[in-house]
Each structure stands twice: as C-alpha cells, then as structure tokens.
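Worksheet: the structure to be examined is printed underneath.
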Amino acid sequence: DPARLDGPPDPARLDGQPDPVPSDADPERGAEPAGDAGEIMMYYQPQIAIATGEMVGVEALLRWRHPRRGMVDPEELIRVAEQSAVMRLLTRRVVDDVVEQLAKWSAAGLSLRAAVNVSVRDLHTGEIADQIADRLTRYGVAPERLQLEITEGALMADPRRVLTTITRLHRIGVGIALDDFGTGYSSLQHLRRLPLSEVKVDRSFVLGMTDDTDDAAIVRSTIELSKALGLRVVAEGVEDERTWRMLHAAGCDVAQGWFYARPMPAEELVAWLARYRPLRPLGGHDDAD
Ligand code: C2E
Ligand code: MG
Ligand code: MG
Ligand code: MG
C-alpha cells in the first residue's frame with residue numbers, strides 16, 4: 001500500500017531547525033542505517049468504569065521514539081504533521097494498528113473498546129470512514145469496539161463536511177467522543193447536534209478539581225450535563241485517589257489517568273491487567289477480601 005507510512009516525518013521539521021548534530025560528526029549516527037527515522041508505535045491507556053473498577057476500554061496514543069532525541073512529545077508531532085499530508089498517513093497507520101490490536105485482544109479473550117484520536121483534516125473527506133469500514137470488516141472487529149475522539153476545533157473548520165463523515169461512522173456503529181471538552185470552542189450546540197456517544201472532560205479541569213472550586217464546578221456541571229443528554233462521560237487526567245473519589249461522588253462514568261495507569265505498549269497492558277485490582281469507591285483496597 002503506497003499510502004502506508006512506515007516511518008515518521010522528517011525529524012528536522014519538528015522544531016524548524018536542522019538536526020543540531022551534523023551527521024558526519026556524530027559517531028552514533030554512523031552505526032545507524034541511513035535515514036533511520038526511529039520508530040512510531042501506539043501506546044494504550046486504560047479507561048476504568050468508576051462504579052465497578054472494571055477496565056472498559058483504552059485510549060490509543062501515538063508515540064515516536066526518535067533515534068537520538070528519544071520520545072518526542074505527541075502534541076508537537078501532531079502539530080507538525082497536521083501542516084502536511086503526513087497527518088493523513090499517520091492517521092491511516094494508527095487506525096490500521098489499533099483495529100489489528102483489537103482483533104488480537106479479542107482473540108485472547110479481551111473484549112475492549114479502543115479510542116483513536118483524529119485530527120481536523122482527517123474528517124474533511126470520507127476517506128477515513130471508508131478505511132475504517134474496510135479494516136473492521138477485514139479484521140472481523142465489531143464497530144462498537146472502536147471509538148473516534150474528535151475535538152471541537154475539528155468542527156469549527158468545516159462543520160458540514162465533518163458532520164457528514166462522523167454521521168457515516170456513527171451509522172456503521174463506531175462511537176464518537178468529544179475530546180478536551182470545555183477548552184477551545186466549546187458549544188452546547190455540539191452536544192445537541194452531533195451523533196456523540198461520549199464526552200471527555202479536559203484534563204486541565206480534572207487536574208485542578210481537588211484544589212480549585214471553579215475547576216470542580218466545571219467538572220461537576222459537565223458530568224451532569226452529559227448525563228442529562230444521555231452521553232457517557234469520561235474524566236481524563238485522574239492522578240490521585242481524592243480526584244477519583246470526587247468523580248465517583250459526582251457520578252462520572254469512566255476515569256482515565258496516572259492514578260490507574262500511564263499509557264503503555266500493548267504487550268504491557270496484558271500484564272498490567274493481570275495485576276490490576278480495582279479499588280472500592282468507599283473502602284480502601286479490596287485486598288481485605
Ligand atoms: P488527548 O487525546 O487529550 O490525550 C490525553 C492526554 O493526557 C495524553 O497525552 C495522555 O498521556 C495524557 N494523560 C493521561 N492521563 C494523565 C494524567 O493522569 N495526568 C496527566 N498530566 N496527563 C495524562 P499524550 O499521550 O501526550 O497525547 C497528547 C495529545 O496528542 C492527545 O491529547 C491528542 O490530542 C494528541 N494525540 C496523541 N495521539 C494521537 C494520534 O494518534 N492522533 C492524533 N490526531 N492525535 C493524537
Ligand atoms: Mg483523546
Ligand atoms: Mg483529551
Ligand atoms: Mg489534548
């Protein structure tokens with residue numbers, strides 16, 4: 001497939017600077033195959049149903065291990081990729097990898113839902129819907145297992161075309177989450193008009209909610225509003241037990257964050273799950289059982 005991306009974009013474009021070390025002066029570079037651009041891969045972060053402690057899904061997060069710079073900040077990578085056709089190729093690669101991974105988990109008896117982040121321009125043509133439909137069929141993965149996370153920025157750029165694409169995906173059964181809710185161009189119209197299944201409260205509010213009453217109020221109202229509209233609500237950036245307890249008290253459905261687990265490679269997820277012991281919302285650890 002000529003459109004498949006096997007390597008990441010040109011590293012020199014990341015910061016608009018040429019590589020700081022000239023290649024012929026870098027001893028390590030000589031040992032690398034020419035043009036080694038490092039490795040792109042997916043990490044997965046667990047999403048936990050707050051009431052039961054059960055892991056219900058994962059968010060797939062892109063990682064790029066640069067041969068010399070190490071892990072590159074995903075937001076920076078996405079920002080640069082979005083300026084070119086590279087984003088389209090990255091998204092194709094992400095969808096392929098995640099659907100294939102869902103099929104592997106399913107074969108191993110793990111029925112998970114996986115969420116994939118998509119960028120603004122990924123939704124401007126129907127190409128992504130065609131690709132997703134094709135991959136789900138090819139790997140025998142139920143559409144309900146896949147969810148797309150979109151941000152409201154995507155809707156501002158070309159609302160009509162984006163709505164057409166996500167409506168098609170919704171019709172085939174793929175879930176749509178509104179990511180980073182409360183930042184950017186939040187509009188209550190989006191909650192009413194889009195075929196959404198989930199709202200994700202932005203981590204900036206969740207991170208602040210134990211110390212800042214305004215953040216706490218925003219999180220609580222978003223939970224209430226989402227639930228009143230029949231949408232599942234997910235809090236991201238849950239870093240400690242107090243936050244988790246506050247979210248439980250506020251009726252939040254799902255939590256994601258370092259309190260439970262950091263994003264990790266697919267192989268580690270299976271080991272993590274084998275060790276994972278849910279906490280009881282009002283007691284301590286469940287190891288009293
Ligand atoms: P996002 O979609 O809002 O993803 C959630 C981010 O919160 C992730 O950052 C995750 O690692 C981080 N996070 C999770 N739990 C915690 C926590 O408890 N505390 C803190 N401080 N952070 C937490 P990450 O992996 O660096 O990704 C950043 C952003 O890059 C994502 O934000 C998303 O917008 C974008 N991104 C990542 N992967 C992809 C991709 O495959 N495609 C596209 N289009 N965008 C992606
Ligand atoms: Mg996301
Ligand atoms: Mg988010
Ligand atoms: Mg974000």
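If you read the sequence from its start, that first residue is 1, and numbering goes on from there. Each ligand, and each atom within it, is numbered from 1 in the order the structure gives. Note that this is a predicted model, so its numbers are computed, not measured.
Only side-chain heavy atoms of Arg63 come within less than 4.0 Å of ligand 1; its backbone N, CA, C and O stay farther off. With a 4.0 Å heavy-atom cut-off, ligand 1 is reached by the side chain of Pro263 but not by its N, CA, C or O. Only the side chain of Val94 comes within 4.0 Å of ligand 1, counting heavy atoms alone; its backbone N, CA, C and O stay farther away. At a heavy-atom distance under 4.0 Å, atoms from both the backbone and the side chain of Leu62 approach ligand 1.
Close contacts of ligand 1 with Val238, meaning ligand atoms under 4.0 Å from a residue heavy atom, involve 18 (O). Less than 4.0 angstrom separates some heavy atom of Glu236 from each of these atoms of ligand 1: 3 (O), 5 (C). Using a 4.0 Å cut-off to heavy atoms of Met87, the atoms of ligand 1 that qualify are 44 (N). Near Ser119, meaning under 4.0 Å from any of its heavy atoms, are these atoms of ligand 1: 44 (N). If you number the atoms of ligand 1 from 1 as listed, the ones under 4.0 Å from a heavy atom of Gly257 come out as 15 (N), 18 (O). Residue-ligand proximity, Gln45 to ligand 1, at heavy-atom distances under 4.0 Å covers atoms 14 (C), 15 (N).
In this structure the side chain of Lys227 reaches within 4.5 angstrom of the side chain of Asp253, judged on heavy atoms. Proximity of Glu236 to Asp202: side-chain heavy atoms (C-beta onward) are separated by under 4.5 Å at one or more points. Between Leu229 and Val199, every side-chain heavy-atom pair lies at or beyond the 4.5 Å cut-off. For the pair Ile78/Ser119, a side-chain contact is recorded, criterion being any heavy-atom separation below 4.5 Å from C-beta on. Residues Ile150 and Ile176 have side chains in contact (heavy-atom distance under 4.5 Å, counting atoms from C-beta outward). Contact of the Leu110 side chain with the Leu273 side chain is registered, since non-hydrogen atoms from C-beta on lie closer than 4.5 Å.
Backbone or side-chain N, O or S atoms of Asp179 reach the Mg ion (ligand 2) at under 2.8 Å. The Mg ion (ligand 2) lies at 2.8 Å or more from every N, O or S atom belonging to Asp180.
Counting heavy atoms only, Arg203 comes closest to atom 9 (O) of ligand 1 of the residues Arg203, Glu82, Glu59. For atom 17 (C) of ligand 1, the candidate residues are Phe259, Trp64, Trp258; the nearest heavy-atom contact is made by Trp258. The heavy atom nearest to atom 29 (C) of ligand 1, considering only Arg79, Glu75, Lys200, is found in Glu75. In this comparison of Val95, Asp240, Asp179, the heavy atom closest to atom 1 (P) of ligand 1 sits on Asp179.
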Checklist entry - Where do Thr222 and Phe181 land on the side-chain contact (heavy atoms from CB on, under 4.5 Å) test, with the steps shown first? => result CA-CA 8 Å; Thr222 306; Phe181 187 75; 3.5 Å; yes

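Residue Glu236 approaches the Mg ion (ligand 3) most closely through its N/O/S atom OE2. In terms of distance to the Mg ion (ligand 2), the nearest N, O or S atom of Glu149 is named OE1. With respect to the Mg ion (ligand 2), Glu59 has OE2 as its nearest N, O or S atom.
A donor-acceptor distance shorter than 3.5 angstrom exists from the side chain of Asp212 to the backbone of Asp215, with no hydrogens or angles considered. A donor-acceptor pair is defined here as one N or O able to donate and one able to accept, closer than 3.5 Å; such a pair exists between the side chain of Thr165 and the backbone of Leu123.
Inclusion of Asp180 in the set of residues having an N or O under 3.5 Å from an N or O of ligand 1 is warranted. Ligand 1 has no nitrogen or oxygen under 3.5 angstrom from a nitrogen or oxygen of Gln256.
With Glu59 as reference, Lys200 is the one residue of Arg262, Arg203, Lys200 to meet the salt bridge (Lys or Arg N to Asp or Glu O under 4.0 Å) rule.
A 6.0 Å sphere centred on CD of Glu144 holds more than 12 heavy atoms belonging to other residues, nucleotides or ligands.
Residues Trp272 and Tyr44 place their aromatic rings such that the two centres sit no closer than 6.0 Å.
Taking every heavy atom of both residues into account, Val206 and Gly237 meet most closely at CG1-O, 3.6 Å.
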